[in-house]
Amino acid sequence: MDHHILQKALCFQASKDGTAGIPNLQLYDVKTGTCLKSFIQKKMQNWCPSWSEDETVCARNVNNEVHFFENNNFNTIANKLHLQKINDFVLSPGPQPYKVAVYVPGSKGAPSFVRLYQYPNFDGPHAALANKSFFKADKVTMLWNKKATAVLVIASTDVDKTGASYYGEQTLHYIAANGESAVVQLPKNGPIYDVVWNSSSTEFCAVYGFMPAKATIFNLKCDPVFDFGTGPRNAAYYSPHGHILVLAGFGNLRGQMEVWDVKNYKLISKPVASDSTYFAWCPDGEHILTATCAPRLRVNNGYKIWHYTGSVLHKYDVPSNGELWQVSWQPFLDGIFPVKAITYQAVPSDVPSEEPKAATAYRPPALRNKPITNSKLHEEEPPQNMKPQAGSDKPLSKTALKNQRKHEAKKAAKQEARNEKSPDLAPTPAPQSTPRNTVSQSTSGDPEIDKKIKNLKKKLKAIEQLKEQAAAGKQLEKNQLEKIQKEKALIQELEDLELGV
């Protein structure tokens, strides 16, 4: 099978006499070194031609069209896909029939959209397999699954007009080749760091939200299947067989990794690969490669080979005066390595283990001889299985629970208003989510006292919700337990204020 090297000059020279200019994109046959074709490429963005996996079809973005060439004959355009202002396209992986996803940005109030086509059926009003339109998109990333049955689209804006994020705004959309589409609802606000498909093409994992970030696995209905809680992470990597998932925090994070068995949703290991700039699964689905490479980092270059249970099996450090630019596994065809049973016991290793130094928080001199108090900037969320259990109803998401509480609060407020208008009517029992000891809304005529009463009721309601969470099995933080202990004092203070009304 021929593989092609693309060479592109990063400049475009237009002739002064108005002619077309000099070809600056050349395609070469690697075996013979022959230049197969030269093109004039005006745009630096999305310039790279794309081949199907069997290399029988090549596609290239030209103005408002995608040009398709067959059997590497670049002198004849076999097919064209024409849409106004096509910005980008992605060919599907796998064998024929090939599919292509195209992105057209919105303009003059019209939304952006992504359409899916099957090659070479591009003509006619019903030629598209699927269409998904959306606003708030300056650029998109389109991700096909391995079976070419669906595409995930990360739509991004360069600027978040609300000012909430430095990264702009991002939304995640799902488009299936059968015409189905949906917006993937992400429970936590913030940037989308990574989205990856499982090799089974039946689920995908998203890492998203302000730090500490959440990670969630979704099925093809875009329903959450498993929530990994929050943690210092910004990347996800499925193993080649799709049975293990690594959640990692690289770049400006410290290199913590979580290795999960995603069949049983069990944590296997939590190794740390500090200063890593590269991560790759071995095709055998058992070993992991992490590396620190230049030019991203020019010190402490080297690589490590890990077993997924957390053991370092091989380590290479580049001499202090040298740099490591690239490292990669030898490629193998799918199916060469069979799936092995997952083990949770760390495999033995001859490489001495390096315990990462625990970073201690800065303490001012006045506090250094005093006991350390455990305080956290963020409340950590534990992992949670979102799959409906046998014989039980589908669990509510956090958003649904929040909406349910709002609905109950509105219902209670309406009932309270009716009771005030008709005091002879017997009041209905309060919903379970409302505090048992709260008294009906009353006014003292003093705005300050009314404000205190309102704040106390708000605190009691929050305590009631914490008690519900504790009853449901959630591990509460120390400050949350202290809030619950103050319930009696708050009730007494509320009664004293309302008796004085």
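Just so you know, these numbers use all the heavy atoms, side chains as well, and skip hydrogens, waters and symmetry mates. These figures come from a predicted structure and were not determined experimentally.
- Donor-acceptor pairing under 3.5 Å is recorded for the side chains of Y208 and T216.
- Annotation: cation-pi pair R115/F113 present, NZ/CZ under 6.0 Å from the ring centroid and within 45° of its normal.
- Ring geometry for F204 against F218 counts as parallel: the plane angle stays under 30°, on a 0 to 90° scale with 60° as the upper cut.
- In this structure, N219 places its CG atom where more than 12 heavy-atom neighbours from other residues, nucleotides or ligands lie under 6.0 Å away.
- The cationic atom of R60 (NZ for Lys, CZ for Arg) lies less than 6.0 Å from the six-membered ring centre of F39 and within 45° of the ring axis.
- Remark: the backbone N or O of A346 is not paired with any side-chain donor or acceptor of S311 at under 3.5 angstrom.
- Environment of CG in D138: crowded, with over 12 heavy atoms of neighbouring residues, nucleotides or ligands closer than 6.0 Å.
- Although no hydrogens or angles enter the test, the distance criterion places no donor-acceptor pair under 3.5 Å between the side chain of W47 and the main chain of Q41.
- In this structure, the side chain to side chain contact (heavy atoms under 4.5 Å, CB included) partners of A280, at least two apart in sequence or on a different chain, are Y278, W329.
- For S38 (side chain) and Q26 (main-chain N/O), no donor-acceptor pair under 3.5 Å exists by modelled atom type.
- Applying the side chain to side chain contact (heavy atoms under 4.5 Å, CB included) test to I336 and every residue at least two apart in sequence or in another chain returns F332, L333.
- Side-chain atoms of Y119 do not come within 3.5 Å of backbone N or O of L91 as any donor-acceptor pair.
- Ring geometry for W197 versus Y174: interplanar angle of 30 to 60°, hence tilted.
- For W281 and Y238, the distance between ring centers is not under 6.0 angstrom.
- Under a 3.5 Å cut-off, the side chain of N301 and the backbone N or O of L297 do form a donor-acceptor pair.
- For K188 (side chain) and P212 (main-chain N/O), a donor-acceptor pair under 3.5 Å exists by modelled atom type.
- In this structure a side-chain-to-backbone donor-acceptor pair under 3.5 Å is present from H307 to T309.
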- Query: Run the side chain to side chain donor-acceptor pair (under 3.5 Å) check on T202 and N198 step by step: do they pass?
  - Reply: CA-CA 7 Å; T202 58; N198 191 315; 5.9 Å; no

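- Salt-bridge check for D350 with K315: failed, with every basic side-chain N at 4.0 Å or more from each acidic carboxylate O.
- Shortest non-hydrogen contact noted between V195 and A206 is CG2-CB, 4.3 Å.
- For P331, the side chain to side chain contact (heavy atoms under 4.5 Å, CB included) criterion is met by no residue, not counting sequence neighbours.
- Checking side-chain atoms of N79 against main-chain N and O of F68 turns up no donor-acceptor pair under 3.5 Å.
- Sequence neighbours left out, the pairs with a member in residues 232-246 that pass salt bridge (charged side-chain N to carboxylate O under 4.0 Å, His left out) are R233-E258.
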- Message: Could you walk me through whether W306 and T290 satisfy the side chain to side chain donor-acceptor pair (under 3.5 Å) test, starting with their C-alpha distance in whole Å, then the side-chain angles of each, then the deciding distance to 0.1 Å, before giving a yes or no?
- Response: CA-CA 8 Å; W306 308 69; T290 62; 2.9 Å; yes

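- Annotation: N73, atom CG; neighbour count of heavy atoms from other residues, nucleotides and ligands within 6.0 Å is above 12.
- For the 3.5 Å distance criterion, the side chains of Y344 and D261 qualify, holding a donor opposite an acceptor.
- Judged as a side chain to side chain contact (heavy atoms under 4.5 Å, CB included), and not counting sequence neighbours, the contacts of K139 are S156, D158.
- In this model, a donor atom of one side chain and an acceptor atom of the other lie less than 3.5 Å apart for T56 and Y98.
- By the ring-ring contact (aromatic ring centres under 6.0 Å, His included) test, F250 pairs with no residue at all, sequence neighbours left out.
- Although no hydrogens or angles enter the test, the distance criterion places a donor-acceptor pair under 3.5 Å between the side chain of S112 and the main chain of G106.
- Between the side chains of W51 and N72, at least one donor N or O lies within less than 3.5 Å of an accepting N or O.
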